[in-house]
Amino acid sequence: MSASNWKDALQGLMPDKLAHEIDIFQAQFELKRQGKIEDKVFAETRLRRGAYGQRYDNGQRHDGKQTRPLNFPCGDLTKGPDTVWDAPGMVRIKIPYGGMTPDRLEVMADCAEEYSDGILHVTTRQDIQLHFVHIDDTPDMMRRLASVNITTREACGNSIRNITGCPLAGVCKTESFDISPYAKAMMEFLLGHPDVQDFGRKFKPAFSGCDDEACGLVWMHDAGYVAKVNAEGQRGFKVVVGGGLGAVPHQAKVLSEFTPAEELLPQIQAISRVFARLGEKKNRNRARIKFLVAKLGIDEFRRLVEEERKTLPHDDRWTAFLKDIPDHFTKPLKDAVELTISAKDKPEGFDEWASTNLYKQRQDGYYVVTIALPLGDFTSQQARGLADVVRKYVGEDVRTTVEQNLVLRWVSEADLPKIYNELQAIGLAQGGANTILDLVACPGTDTCKLGIAASRGLAGELRTRLLGKYGELPEPIKKLHIKMSGCFNSCGQHHVADIGFYGNSRKIGNHTVPHFQVVLGGQWEHNAGSYGLACGSVPSKAIPAVIDMLTEGYLKNRQDDERFGAYIDRLGKKQVRELLKPFMEVPDYTEDPSYYTDWGDPREFTIGDMGVGECAGEIVSVFSMEASKAESIAFDAQIELEEGSFAKADELAYKAMVKAAQALVRTQFQDITDDPDDIVAQFRSRFYDTELFFDKYAKGKFAEMLFNRHDNPPASPDKDQAHHQIEEAQLFIEACYACDMRLSASPIGGGV
């Protein structure tokens with residue numbers, strides 16, 4: 001159907017506001033073709049409409065030997081800086097609190113099949129992403145989504161992102177009350193609100209029904225809400241602000257122990273105004289609210305929010321939604337009936353599936369069914385089949401989860417075998433939900449422009465290996481969470497996993513080898529109660545062996561019912577590092593070339609001439625030798641943090657950054673001194689001012705971390721500050737490695 005026909009056909013089915021905005025967005029296409037909109041402006045425009053860039057959209061791709069052009073018919077037309085108009089992109093669809101319906105499933109299935117590759121991808125923020133979408137198809141797609149009242153608006157860009165919520169809300173046994181209508185009300189209130197249009201960066205809220213479970217993960221969000229009922233029986237929320245993962249994770253701080261439900265919306269409006277007014281705008285790398293809260297302190301931030309609240313003009317929408325709360329939300333389609341069939345009459349494989357994929361609701365006779373999606377993917381055909389299952393057994397109630405799965409709620413116990421059979425028929429009866437098989441991974445190098453290593457490729461390999469021996473795994477191992485990101489940005493939430501990984505790389509002779517940093521010590525429970533730290537960088541191809549080593553050691557040496565995180569804490573960072581060391585070695589290219597490729601990608605990670613030195617050994621650059629010392633110092637900082645010496649940890653992290661900067665300067669200027677002022681000045685003039693250090697996407701972000709710590713040493717750093725400084729040190733060292741690799745392949749990198 002043509003664009004005009006879709007627009008005409010869906011008139012009256014789309015909310016007027018969404019329909020009008022889509023028309024404006026489509027009109028901007030012609031202005032862009034006429035050169036009347038700048039690339040940067042159009043890029044932000046489409047981002048706020050949920051149309052995101054994708055890997056290779058600059059029209060180039062490295063084939064393992066050299067960079068080759070990708071020729072598109074659009075010629076010089078672009079949709080953003082260095083972003084070719086015809087290059088396929090990604091569209092992110094907002095699914096507030098993960099709430100889905102059969103109608104929405106079917107429309108998204110049609111869109112995935114007609115405009116994408118037929119795959120719907122569930123993200124770690126309960127969104128749905130479609131990849132390989134042409135920008136010209138996005139207005140039609142948006143209209144079709146709007147017809148079932150979902151939108152892509154502000155799913156990307158400097159905006160309020162999807163508002164996540166516990167997928168068990170309303171049926172959970174430990175919740176204070178159902179957070180769903182409150183999350184829905186906040187989404188509707190903030191979508192397009194004028195007070196959220198001037199942020200320096202994105203803002204991510206989350207809701208949880210209780211303190212202790214992991215479903216809401218509020219402590220790692222810009223704003224988090226935990227349902228509470230006070231002594232008078234009044235509903236409200238414990239409110240936290242300033243959390244976030246990303247490159248340097250921050251735990252949120254308590255803004256309010258109890259905010260009444262009536263104040264939920266005016267309070268977030270006041271928070272938004274303070275963030276928009278005082279948040280960083282020029283330096284994008286410090287523009288998240290976590291940096292503002294850290295800078296001001298939570299007490300001053302709280303005072304500013306309270307003062308802002310007093311100035312807000314009254315808005316009836318603040319409380320209008322409350323009158324509908326008693327009627328919310330879904331009701332069961334079918335009566336609860338006990339399962340009475342005998343064991344021999346159950347479908348083959350049912351009991352194993354039921355042991356991991358079922359959750360008994362607080363309502364007697366009803367269950368939640370988790371549909372485990374390997375890598376978060378399901379097909380258009382499966383989506384349509386699932387829509388039929390939902391209508392038949394539960395009516396409307398299906399939700400996405402932050403672990404990239406789907407859940408059906410209000411399933412009568414007697415219907416469980418029938419649902420299992422029907423899910424089996426459409427390929428959605430995978431077991432192992434919420435176990436070690438339920439790996440989480442961001443898109444990584446598959447589609448993300450920022451991906452360094454193949455997180456999805458690694459996750460697929462690990463799942464295949466674990467699946468082959470799952471039946472033999474002891475229960476403590478089955479309960480572990482493994483999460484991975486393709487870069488340091490933590491889209492795979494590696495900081496809050498039992499075992500986490502994020503992608504990086506190392507120069508070995510004249511080759512670049514994909515690596516993953518191993519992150520241990522995170523806590524998924526208690527709403528992401530604590531974050532792990534990187535313990536060492538391991539070649540990508542050695543990661544499965546690392547998993548085996550860590551899990552076997554845990555099983556052999558755990559004490560009583562000791563959890564994995566407690567076991568790692570007891571071992572201590574020094575011993576963990578020693579355990580990882582044997583896996584950090586990279587064999588010579590001639591011995592095992594597989595180390596020089598990534599999982600699921602036949603290309604060599606980079607290609608260059610072999611460099612063979614004296615005694616047939618590889619020539620190791622001076623930079624690599626010195627940078628390894630910086631890594632050692634950064635690791636010593638972790639030891640000091642573990643032992644409670646926060647000031648020492650901060651100082652060592654800073655020294656590690658200076659040492660890495662010195663190593664890079666020495667590639668140009670051998671006579672650099674050991675004086676930090678001299679090193680930082682030389683680094684600034686030779687690498688920052690010249691932009692040699694700048695990454696294509698991060699620009700000078702990591703250099704600014706060094707400058708900030710050098711110019712503003714903390715008087716008495718606390719645990720959080722020391723933790724952040726260690727994270728920044730590791731990121732700066734990685735950026736130095738990346739810079740050296742870029743310059744080694746360029747004539748610019750010659751010594752002076």
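Given the structure is predicted, the values throughout are model-derived calculations rather than measurements.
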- Item | Option among E734, H515, H511 that satisfies the side-chain hydrogen bond (donor to acceptor under 3.5 Å, both in side chains) test with R506 | E734
- Would you please say whether a donor-acceptor pair under 3.5 Å links the side chains of D588 and T590? yes
- Flag side-chain contact, heavy atom, 4.5 Å: E213 against S208: no
- Do L533 and L520 come within less than 4.5 Å of each other through their side chains, counting heavy atoms only? no
- Task: With the side chain counted from C-beta on, respond yes when L571 and L579 share a heavy-atom pair under 4.5 Å apart, and no when they do not.
- Result: yes
- How would you list, by chain and number, every residue that makes a side-chain contact (heavy atoms from CB on, under 4.5 Å) with P593, sequence neighbours excluded? Y589
- Query: Given the rule in the salt bridge (Lys or Arg N to Asp or Glu O under 4.0 Å) test, do K507 and D740 qualify, once you have shown the distances and angles that lead to the verdict?
  - Reply: CA-CA 9 Å; K507 185 78 176 290; D740 178 65; 5.4 Å; no
- F683 and F687 aromatic ring geometry - parallel, tilted or perpendicular at 30°/60° bounds: parallel
- Query: Under a 4.5 Å cut-off applied to non-hydrogen side-chain atoms, are R465 and E461 in contact?
  - Reply: yes
- Message: Any salt bridge linking R286 with E728? Criterion: basic side-chain nitrogen under 4.0 Å from a carboxylate oxygen.
- Response: yes
- Identify whether the distance between the nearest side-chain nitrogen and carboxylate oxygen of E280 and K295 falls below 4.0 Å. no
- Message: Under a 4.0 Å threshold between the charged nitrogen and the carboxylate oxygen, would E475 count as salt-bridged to K478?
- Response: yes
- Note: R125-D127 ion pair, threshold 4.0 Å (strictly below): no
- Query: Just by modelled atom types, is the A653 backbone N or O under 3.5 Å from a matching donor or acceptor in the Q730 side chain?
  - Reply: no
- Query: Does the pair E578/K581 count as a salt bridge with the N-to-O cut at 4.0 Å?
  - Reply: yes
- Message: Can you tell whether the side chains of D548 and K469 come within less than 4.0 Å, N to carboxylate O?
- Response: yes
- Query: Is the ring centre of F488 less than 6.0 Å from the ring centre of F702?
  - Reply: yes
- Query: Distance only, no hydrogens: is a donor on one side chain within 3.5 Å (strictly under) of an acceptor on the other, for E562 and Y554?
  - Reply: no
- Please determine, by modelled atom types, if T370 and N405 share a side-chain donor-acceptor pair under 3.5 angstrom. no
- Message: Cation-pi check for Y654 against R709: NZ or CZ below 6.0 Å from the six-membered ring centre and within 45 degrees of the axis, yes or no?
- Response: yes
- Can a salt bridge be assigned to the pair D222 and K204 using a cut-off of 4.0 Å between side-chain N and carboxylate O? no
- Query: Hey, are the side chains of T164 and L217 touching, using non-hydrogen atoms and a 4.5 Å cut-off?
  - Reply: no
- Query: Would you call the rings of H724 and H250 parallel, tilted or perpendicular, where under 30° means parallel and over 60° means perpendicular?
  - Reply: parallel
- Shortest non-hydrogen contact from C739 toward L664: SG-CD2, 3.8 Å
- Message: Between D636 and K574, does any NZ, NE, NH1 or NH2 come within less than 4.0 Å of an OD or OE carboxylate oxygen?
- Response: no
- Salt bridge flag under 4.0 Å for residues D569 and R563: no
- Message: Check whether F203 forms a cation-pi arrangement with R161 (NZ or CZ under 6.0 Å from the six-membered ring centre, at most 45° off the ring normal).
- Response: no
- Closest approach of D498 and H481, non-hydrogen atoms and distance? OD2-N, 2.8 Å
- Ignoring hydrogens and angles, tell me if any N or O in the side chain of S490 forms a donor-acceptor pair with the backbone of G246 under 3.5 Å. no
- Could you give me the CA-CA distance, side-chain angles and deciding distance for H494 and F501, then say whether ring-ring contact (aromatic ring centres under 6.0 Å, His included) is met? CA-CA 6 Å; H494 56 262; F501 304 101; 9.3 Å; no
